[in-house]
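Below is one structure, written out as structure tokens; comments come after it.
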Amino acid sequence: MRYSEMHLPTGREIPSDAEVVSNQLMIRAGMIRKLTSGIYSYLPLGYRVIRKVEQIIREEMNRAGAQEVHMPMVQPAELWQESGRWTHYGKELLRFRDRNDREYCLGPTHEEVITDLVRHDIKTYRQLPCNLYQIQTKFRDEVRPRFGVMRCREFGMKDAYSFDADEAGAEKSYEKMFDAYNRIFRRCGLNFRPVEADSGSIGGSFSHEFMVMAESGEDSVVFCEKCDYAANMEKAEIPAPQEGATEQKEALPMQSVETPGVRTIEEVSTFMEVGPEQIVKTLIFNADGKPVAVLIRGDHEVNEIKVKNYLGATQLELADDDMIFAATGAPRGFAGAVGIKVRVIADYCVMNLANLVTGANRDGYHLKNVNIGRDFNVASWADLRVAQQGDPCPRCRGRVRVARGIEVGHVFKLGTKYSQAMKAAYLDKDGKEKIMIMGCYGIGVGRTVAACIEQHHDRDGIIWPMTLAPYTVIVTPVNINEADVMKASEDIYAGLLAAGAEVILDDRDERAGVKFKDADLIGIPLRIVVGARNLAQGKVELKIRKTGESRLIAADDIVARAVEIISSETQETG
RNA sequence: CGGGGCGUAGCGCAGUCCGGUAGCGCGCUUGGUUUGGGACCAAGAUGUCGCAGGUUCAAAUCCUGCCGCCCCGACCA
């Protein structure tokens with residue numbers, strides 16, 4: 001396409017309200033414009049990249065045997081009431097009424113609609129397995145939209161849903177999607193990692209998030225330095241301590257210490273002159289209405305998901321002041337395990353401690369030299385804390401590291417949660433009715449594009465991988481008023497078009513510097529510069545955006561050379 | 001939902017404290033000189049100062065209410 005005819009409004013200035021580099025560059029490169037909070041338009045350049053990602057997704061989903069459908073964004077309340085999510089989903093679900101006062105919502109996801117679709121049309125095991133997907137606009141009324149298209153309210157998503165007759169089939173469907181996702185993100189040129197995620201009541205390792213490694217990511221990822229173990233923060237396991245690891249120390253007599261107004265770990269640490277690792281926090285949780293005391297080292301954080309899963313609770317939250325007082329006989333800040341009247345569970349780390357400091361269950365008092373077994377007992381030990389850099393790997397006992405990532409995809413085995421609630425059943429070989437087993441698989445399309453920019457940019461702008469580039473090559477005549485230069489540029493442009501390349505001819509009457517800056521900003525992988533001096537020798541310049549490398553090539557050969565690079569780089573990642 | 005900030009030309013901002021002709025840079029239009037990394041000169045165009053009400057001879061500026069946007073936090077199947 002001729003640049004002079006393109007709608008490509010680039011900007012020199014960094015938008016003041018754009019926090020992350022991908023958002024800044026997408027605005028500056030004329031890819032997106034914000035309509036209102038969390039809602040964006042894609043301009044031609046941005047939409048081309050979106051379509052590149054969508055196309056890769058389509059090819060890989062189809063290759064994996066999934067079939068594309070398209071479902072409505074507007075969904076009736078009845079379906080959501082049937083699944084139970086009308087009351088459980090919360091404020092992210094945007095609800096509204098039509099002229100007849102019937103209730104609807106904008107689909108944040110499509111489990112209900114797809115399950116409804118499938119239950120009507122699939123009746124027998126002969127029709128299974130079945131995997132349907134769509135690429136469609138979702139709406140989630142996010143509490144706080146931010147980071148441009150990375151966390152917005154209206155966004156494009158590929159969502160797939162698999163239906164299987166049995167567990168073995170469901171696992172196979174899951175694996176197919178897992179493999180397809182690896183192919184998709186590899187083709188997008190991303191440095192990513194599938195990480196284990198919490199699968200709630202489903203259990204096992206049937207939930208993986210695909211994380212693009214980036215400092216600006218909103219999620220923390222734990223991964224092992226030695227083996228390929230990787231998990232998100234919620235899920236990251238910490239192994240039980242090995243035998244004999246307990247420190248051998250003489251147990252000193254327990255003492256009560258007056259600590260008026262000293263509540264937080266930091267305050268206790270300063271007041272008692274002990275490190276936070278010698279203090280044991282006693283947190284009172286409300287688990288489905290019952291108080292539970294959770295013990296954890298002062299320098300660690302409780303992982304509420306782990307506590308919830310360990311207890312098998314459906315609701316878990318920190319207890320309110322009344323429950324704390326009922327459980328400990330003291331106000332918040334003075335809870336301890338000694339003499340407490342409720343069930344006590346403790347993180348493995350507490351096992352190793354001797355002569356520790358804890359609350360006294362008495363307003364204004366703490367205890368020192370407390371010892372497990374002698375002074376209190378623990379009902380059960382478990383892994384209950386948030387993983388930290390340097391913790392042992394649960395698989396190989398190597399050390400784990402913590403890094404930031406952007407979640408671009410998620411594969412999840414749903415089990416029968418929706419098929420049960422909505423009665424998606426089939427008849428098996430024996431004519432018995434059985435519930436289908438489901439899986440769901442999502443990819444954030446816009447977020448994938450933003451994540452790609454987070455990983456591939458420099459101070460001049462975006463550096464697209466060949467596979468996602470909106471155009472793969474730009475022809476830049478240094479001066480359009482020189483007839484020879486323009487003629488050669490037109491010829492190269494026509495040659496590239498004829499060869500099927502996605503090419504821009506920068507035919508604007510601008511100075512070379514302006515054209516170079518724009519080409520760098522919008523990140524076109526290859527740039528062919530046609531200037532009078534080189535052309536006099538029959539040559540043009542080929543500049544590679546990624547490396548900055550530039551070489552002179554005979555004008556007659558340039559089309560073939562460019563096409564060769566384009567096709568090899570498209571293959572390479574494919 | 002709590003805390004903070006902002007709203008003035010297409011974009012980025014000054015002007016608001018202390019009321020009195022609405023400004024600067026970039027961009028845009030026209031003409032000329034330039035032409036390999038965001039050129040220069042000259043002449044121009046562009047505003048319900050977020051909205052509504054109030055005070056005043058007079059409001060971008062003071063007062064009240066509302067709306068929008070951003071940041072931090074809380075929240076997040």
Side-chain angles (χ1 to χ4, degrees), chain A residues 7 9-20 23-24 27-30 33-40 80 83-93 105 107-112 138 140-148 151-153 159 197-202 207 209 218-219 232-234 304-305 308 314-315 317-318 407 410 412-415 417-418 421 438 440 442 458-461 476-482 485-486 489 506 508-522 527-536 539-541 543 545 548 550 552:
Chain A
H7 178 57
T10 57
R12 192 192 328 219
E13 293 184 32
I14 299 170
S16 61
D17 58 356
E19 287 294 300
V20 292
N23 191 216
Q24 294 169 356
I27 294 166
R28 287 187 55 209
R33 291 291 180 260
K34 183 167 70 182
L35 211 212
T36 182
S37 179
I39 299 181
Y40 289 82
W80 287 73
S83 72
R85 288 161 113 191
W86 187 254
T87 45
H88 283 110
Y89 206 95
K91 285 189 174 176
E92 282 191 8
L93 186 65
C105 62
T109 174
H110 281 68
E111 280 84 3
E112 281 80 1
K138 307 286 188 210
R140 293 182 188 171
D141 200 355
E142 288 285 344
V143 185
R144 182 137 96 89
R146 62 185 123 177
F147 302 147
R151 186 167 204 81
C152 51
R153 299 196 292 172
D159 49 322
D198 178 59
S199 51
S201 55
I202 308 292
S207 177
E209 289 169 351
E218 290 188 273
D219 301 299
N232 70 12
M233 269 294 170
E234 290 181 348
E304 291 193 25
I305 301 279
K308 190 174 169 181
T314 43
Q315 282 281 359
E317 56 193 12
L318 276 171
E407 182 189 347
H410 196 162
F412 197 103
K413 185 179 159 193
L414 284 171
K417 182 174 173 184
Y418 298 95
M438 292 174 61
C440 69
D458 61 16
R459 48 196 290 235
D460 292 317
T476 306
V478 166
N479 185 341
I480 66 163
N481 299 310
E482 290 170 1
V485 167
M486 212 44 214
S489 300
D506 194 348
R508 294 175 300 166
D509 190 5
E510 288 286 356
R511 297 167 65 84
V514 172
K515 298 186 184 188
F516 294 158
K517 287 288 182 190
D518 276 332
D520 286 347
L521 177 62
I522 65 177
R527 185 171 87 206
I528 298 168
V529 183
V530 184
R533 280 198 292 275
N534 289 327
L535 197 59
K539 303 214 160 163
V540 295
E541 179 187 332
K543 181 142 184 167
R545 176 70 179 89
S550 114
L552 289 177

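Note on naming: letters A, B, ... go to the chains in the order of the sequence lines (proteins, then strands), and numbering restarts at 1 for each one.
- Between A:Val540 and A:Val529, the shortest heavy-atom distance links the atoms CB-O, 3.7 Å.
- Annotation: B:C71 and B:G65 have their C1' atoms spaced 25 Å apart (nearest Å).
- The distance from atom CD1 of A:Ile480 to atom C1' of B:G36 is 15 Å, rounded to the nearest whole Å.
- Screening A:Asp520, A:Asp506, A:Thr476 for a side chain to side chain donor-acceptor pair (under 3.5 Å) with A:Arg527, the sole residue that qualifies is A:Asp520.
- Annotation: side-chain hydrogen bond (donor to acceptor under 3.5 Å, both in side chains) contacts of A:Asp219 (sequence neighbours excluded): none.
- At a cut-off of 3.5 angstrom, counting only N and O atoms as typed in the model, there is no donor on one side facing an acceptor on the other between the side-chain of A:Asn479 and the base of B:G36.
- In this structure B:A60 sits in no base pair that meets the Watson-Crick or G-U test at under 3.5 Å.
- When the nucleotides B:C11, B:C71, B:G36 are ranked by their closest atom to the side chain of A:Arg146, B:C71 comes out on top.
- Residue A:Arg140 is out of contact with every strand shown, counting any heavy-atom pair closer than 4.0 Å.
- For the P atoms, the distance linking B:C49 with B:C75 amounts to 42 Å, nearest Å.
- For a distance-only test at 3.5 Å, the side chain of A:Glu541 qualifies as a donor-acceptor partner of the base of B:G36.
- Rounded to whole angstrom, the span from the CD1 atom of A:Ile522 across to the P atom of B:G38 amounts to 18 Å.
- You'll find that the side chain of A:Asp17 is closest to B:C69, out of B:U35, B:C76, B:C69.
- Rounded to an integer number of Å, the gap from CG of A:Asp509 to C1' of B:U30 is 15 Å.
- Ion pairing of A:Arg146 with A:Glu19 is absent here, as no side-chain N (NZ or NE/NH1/NH2) approaches a carboxylate O to less than 4.0 Å.
- Per the geometry, CE belonging to A:Met486 stands 19 Å off P belonging to B:U35, to the nearest Å.
- Going from the P atom of B:C41 to that of B:G25 covers 11 Å, rounded to whole Å.
- Checked for salt-bridge contact, A:Arg545 and A:Asp458 meet the test: a charged N lies under 4.0 Å from a carboxylate O.
- Taking only side-chain atoms of A:Arg12, from C-beta outward, the nucleotide of B:G27, B:A74, B:A77 with the closest atom is B:G27.
- Comparing the C1' positions of B:C69 and B:U8 gives a spacing of 15 Å, expressed to the nearest Å.
- Applying the Watson-Crick and G-U wobble criteria (two distances, each under 3.5 Å), B:G37 pairs with nothing in any strand.
- Between A:Glu317 atom CD and B:A74 atom C1' there is a gap of 14 Å when expressed in whole angstrom units.
- Residue A:Glu19 is in sugar-phosphate contact alone, with no base atom involved, counting any heavy-atom pair closer than 4.0 Å across all strands shown.
- In this entry B:A14 has no Watson-Crick or G-U wobble partner, no candidate having both defining distances under 3.5 Å.
- Closest approach to the A:Ser37 side chain among B:C76, B:G36, B:C69 is made by B:C69 (side chain taken as heavy atoms from C-beta onward).
- Of the listed residues (A:Trp86, A:Tyr89, A:Tyr418), just one forms a ring pair (Phe, Tyr, Trp, His ring centres under 6.0 Å) with A:Trp80, and that residue is A:Tyr89.
- In this entry the distance linking NZ of A:Lys417 with C1' of B:A77 reads 5 Å, nearest Å.
- The partner of B:G68 is B:C6, by the rule that a Watson-Crick or G-U pair needs both atom distances under 3.5 Å.
- Rounded to a whole angstrom, the distance from the C1' atom of B:U34 to that of B:A39 is 7 Å.
- Comparing the same atom, P, in B:G38 and in B:G27 gives a spacing of 13 Å after rounding to whole Å.
- A donor-acceptor contact under 3.5 angstrom links the side-chain atoms of A:Lys543 to the base of B:G37.
- A distance of 3.5 Å separates CG of A:Asp518 from OG1 of A:Thr10, quoted to the nearest 0.5 Å.
- Annotation: B:A59 and B:C51 have their C1' atoms spaced 15 Å apart (nearest Å).
- Residue contacts for A:Asp460: at a heavy-atom cut-off of 4.0 Å it reaches no nucleic acid atom on any strand shown.
- What separates CZ of A:Arg144 from P of B:A74 is a distance of 10 Å, to the nearest Å.
- One N or O donor and one acceptor, one from the side chain of A:Asp518 and one from the base of B:G38, sit under 3.5 Å apart.
- The P atoms of B:G23 and B:A45 are separated by 12 Å, rounded to the nearest whole Å.
- Across all strands shown, B:A42 forms a Watson-Crick or G-U wobble pair, both distances under 3.5 Å, with B:U30.
- For A:Lys34 and B:C70, the shortest distance from a side-chain N or O to OP1 or OP2 is below 4.0 Å.
- At the phosphate of B:C69, OP1 or OP2 sits under 4.0 Å from a side-chain N or O atom of A:Thr36.
- Comparing B:A74, B:G38, B:C69 by their closest approach to the side chain of A:Arg28 singles out B:G38.
- Nearest to the side chain of A:Glu13, among B:G25, B:C69, B:G38, sits B:G25.
- To the nearest angstrom, C1' of B:C11 lies 11 Å from CD1 of A:Ile27.
- When each of A:Cys440 and A:Leu535 is assigned the nucleotide of RNA chain B with its nearest heavy atom, A:Leu535 is the one assigned upstream, toward the 5' end.
- Between A:Glu111 and A:Lys417 there is no salt bridge, since none of the side-chain N atoms of the basic residue sits less than 4.0 Å from a carboxylate O of the acidic one.
- Of all nucleotides present, none satisfies the Watson-Crick or G-U wobble test against B:U55 with each distance under 3.5 Å.
- In this structure, A:Ile14 and A:Val478 both approach RNA chain B, and ranking their closest nucleotides by distance from the 5' end singles out A:Ile14.
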